[in-house]
Amino acid sequence: MTRYWLMKSEPSCFSIDDLHNAPNQTSPWDGVRNYQARNFMQKDMKLGDKIFFYHSNCKPPGIIGIAEVASGAYPDHTAFDPESDHPDPKSTPDNPRWFMVDVRYVEQFPKIIPLDELKLHTELASMPLLRKGNRLSVMPVGETEWQYIVKELVG
DNA sequence: GCCAACGTTGGC
DNA sequence: GCCAACGTTGGC
């Protein structure tokens, strides 16, 4: 059964354009250093699951398009590299702490669906994304909410 | 195992 | 740049 997800990225760091331009339109989703987010990737994501690509820390923040899970989880080797953006000396090749999946570009929306707009729809109120203080960078999206967004808000 | 200090996220 | 919310760390 296909599941649905939302993954956040700062476009100044890695945008949906970057994913679109990547080889095979596919890229590792590296840099996640949060256990809950890691567990979603490691235990619950399946090949072909659909992902809302969310641009954070920009104007405006919001959902910009769709990607899909393109691999199973495997160790995030950037954690081993002291020169990387998010090194973690406690993660080693023999005992990796952080995992990632590959994601593949599916589509970019004609325009971003801003966070402000998502907040206006009571149908979406149960989304973890809209919970106050939420900081998860990888989170599940209910099928109901997914369909609502795709049918009512895209375009 | 508690909890204060600290760091990070991310909207504003 | 500010700050609220939250996760992590480490002393005890």
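Each chain gets a letter, A, B and so on, in the order its sequence line appears, and its residues count up from 1.
- If you check the side chains of A:Arg33 and A:Ser91, you find no donor sitting under 3.5 Å from an acceptor.
- Judged as a ring pair (Phe, Tyr, Trp, His ring centres under 6.0 Å), and not counting sequence neighbours, the contacts of A:His20 are A:Tyr105.
- Cluster membership for A:Leu6 and A:Leu47, using ILVMFWY side-chain heavy atoms within less than 4.5 angstrom, is not shared.
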Between the protein and nucleotides 9-12 of chain B, which nitrogen or oxygen pairs are less than 3.5 angstrom apart?
{"unit_1": "B:dG10", "atom_1": "OP1", "unit_2": "A:Lys8", "atom_2": "NZ", "d": "3.1"}
{"unit_1": "B:dG10", "atom_1": "OP1", "unit_2": "A:Arg135", "atom_2": "O", "d": "3.2"}
{"unit_1": "B:dG11", "atom_1": "OP1", "unit_2": "A:Tyr54", "atom_2": "OH", "d": "2.8"}
{"unit_1": "B:dG11", "atom_1": "OP2", "unit_2": "A:Asn57", "atom_2": "N", "d": "2.9"}
{"unit_1": "B:dC12", "atom_1": "OP1", "unit_2": "A:Lys119", "atom_2": "NZ", "d": "2.7"}

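- Per the geometry, CD belonging to A:Gln36 stands 14 Å off C1' belonging to C:dA5, to the nearest Å.
- In this structure, A:Val103 is not a member of the same hydrophobic cluster as A:Phe99, with clusters built from ILVMFWY side-chain heavy atoms closer than 4.5 Å.
- Spacing between atom CG of A:Asn34 and atom C1' of B:dG7 amounts to 13 Å, rounded to whole angstrom units.
- Residues A:Trp98 and A:Tyr74 keep their aromatic ring centres 6.0 Å or farther apart.
- Rounded to whole angstrom, the span from the CE atom of A:Met139 across to the P atom of C:dG7 amounts to 12 Å.
- Using cut-offs of 30° and 60° on the angle between ring planes, the pair A:Phe109 and A:Phe52 is perpendicular.
- The shortest distance between the side-chain N/O atoms of A:Lys132 and the OP1/OP2 oxygens of C:dA5 is below 4.0 Å.
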